[in-house]
Q: 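Quick one: this structure, given as structure tokens, is what I'll be asking you about.
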Amino acid sequence: MKPLWILPLWLAAAGAAGAAETRPEAVVRAKFAAVNRRDLAGVIASYAPQARLTASNFCAPREGLAEVERTYRALFAALPDLAVTLDEVVTQGETVAVRFRVRSAAAGMEVPIADFFTVRNGLIERDDGLFDNGGRPCTP
């Protein structure tokens, strides 16, 4: 049995650990970790039900968890060896800016991307990705 004096320390540590999971930067890093694990459920769990996604290759914004699932399911299917490397993460309040690279040896590609997230209540509400689309037509 642990001495009673340890209880306040344990409770404080447990509270801090739980709070860290909802910090905007932690949420975004967890989303990228899920992408690297190809964990579709983990990616979807990072987003709010009303999430709005925009990207250089989208014809129009995508909204809601079904669109998050569609987006990442297609990405995982197209790039079976997808790997993401974070180069820079800057956080200011609810906004997290990330500069990262997506690589696929099978597709022979590496794409630098800048992404801007808005995180509220521990979930991503906005995800705005910018990259060189190479002049390809947008995807609906």
Side-chain angles (χ1 to χ4, degrees):
M1 186 161 141
K2 295 190 188 274
L4 288 179
W5 62 267
I6 198 104
L7 185 60
L9 296 175
W10 180 81
L11 289 173
E21 295 173 1
T22 62
R23 288 179 309 120
E25 184 174 330
V27 170
V28 170
R29 285 183 182 275
K31 178 253 183 186
F32 280 109
V35 168
N36 276 333
R37 289 189 314 272
R38 302 180 59 75
D39 174 6
L40 184 59
V43 172
I44 294 166
S46 301
Y47 286 85
Q50 73 281 9
R52 179 180 171 99
L53 289 76
T54 64
S56 300
N57 62 334
F58 295 172
C59 296
R62 297 179 180 182
E63 297 185 5
L65 294 179
E67 289 297 299
V68 171
E69 179 177 0
R70 177 172 78 98
T71 298
Y72 283 92
R73 188 177 296 283
L75 184 63
F76 293 157
L79 304 171
D81 65 335
L82 170 79
V84 175
T85 302
L86 302 183
D87 295 320
E88 186 173 12
V89 179
V90 178
T91 304
Q92 182 174 1
E94 299 175 328
T95 303
V96 181
V98 182
R99 196 170 48 81
F100 64 101
R101 289 170 282 134
V102 171
R103 287 185 320 284
S104 169
M109 58 156 271
E110 179 172 300
V111 179
I113 299 175
D115 212 325
F116 302 89
F117 298 90
T118 301
V119 179
R120 291 189 183 104
N121 301 314
L123 295 170
I124 299 168
E125 289 190 357
R126 285 201 58 128
D127 176 346
D128 300 303
L130 303 169
F131 56 92
D132 181 357
N133 192 29
R136 290 182 286 285
C138 63
T139 15

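The residues of the chain are indexed from 1 along the displayed sequence.
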Q: Show, in sequence, the C-alpha distance, side-chain angles and deciding distance for Leu82 and Ser104, and conclude whether the side-chain contact (heavy atoms from CB on, under 4.5 Å) test is met.
A: CA-CA 5 Å; Leu82 170 79; Ser104 169; 5.8 Å; no
Q: Could you tell me the separation between the CZ atom of Arg126 and the CD atom of Gln50, rounded to the nearest 0.5 Å?
A: 11.5 Å
Q: Given Val119, which partner from the list Val27, Asp127, Thr91 fulfils the side-chain contact (heavy atoms from CB on, under 4.5 Å) test?
A: Val27
Q: If hydrophobic clusters are built from ILVMFWY residues whose side chains come within less than 4.5 Å, do Val35 and Phe58 share one?
A: yes
Q: Kindly give the heavy-atom pair with the smallest separation between Asp81 and Ala105, and that separation in Å.
A: OD2-N, 2.8 Å
Q: Could you state whether Phe76 and Ile44 fall into the same hydrophobic cluster, counting links through intermediate Ile, Leu, Val, Met, Phe, Trp or Tyr residues with side-chain heavy atoms under 4.5 angstrom apart?
A: yes
Q: How close do Gly42 and Ala34 get, counting heavy atoms only, and between which atoms?
A: C-CB, 3.8 Å
Q: Ring-plane angle category for Phe32 and Phe117, please: parallel below 30°, perpendicular beyond 60°, tilted otherwise.
A: perpendicular
Q: Just by modelled atom types, is the Pro140 backbone N or O under 3.5 Å from a matching donor or acceptor in the Arg62 side chain?
A: yes
Q: Donor-acceptor pair, distance only, cut-off 3.5 Å: does the side chain of Ser56 make one with the backbone of Phe131?
A: yes
Q: Mind running side-chain contact (heavy atoms from CB on, under 4.5 Å) on Val89 and Arg29 for me, showing each step along the way?
A: CA-CA 9 Å; Val89 179; Arg29 285 183 182 275; 3.5 Å; yes
Q: Looking at CG of Leu53 and CZ of Arg70, how far apart are the two atoms once the value is rounded to the nearest 0.5 Å?
A: 10.0 Å
Q: Does Val111 share a hydrophobic cluster with Leu86, counting links as ILVMFWY side-chain heavy atoms below 4.5 Å and allowing steps through other members?
A: yes
Q: Any chain of hydrophobic side-chain contacts (each under 4.5 Å) joining Val90 to Phe116?
A: no
Q: Starting from Leu130, can I reach Phe100 by hopping between I/L/V/M/F/W/Y residues whose side chains sit under 4.5 Å apart?
A: no
Q: For the atom pair NZ (Lys31) and CG (Leu123), what is the distance rounded to the nearest 0.5 Å?
A: 13.5 Å
Q: Without swapping roles, check the side chain of Thr139 against the backbone of Asn57 for a donor-acceptor pair under 3.5 Å.
A: yes
Q: To the nearest 0.5 Å, what is the distance between CG on Asp87 and CD1 on Ile113?
A: 10.5 Å
Q: Can you find a heavy atom in the side chain of Pro61 that is under 4.5 Å from one in the side chain of Thr54?
A: yes
Q: Would you compute the distance between atom OG1 of Thr71 and atom CD of Glu69 and round it to the nearest 0.5 angstrom?
A: 10.0 Å
Q: Answer yes or no: does atom CG of Asn121 have more than 12 heavy-atom neighbours from other residues, nucleotides or ligands under 6.0 Å?
A: no
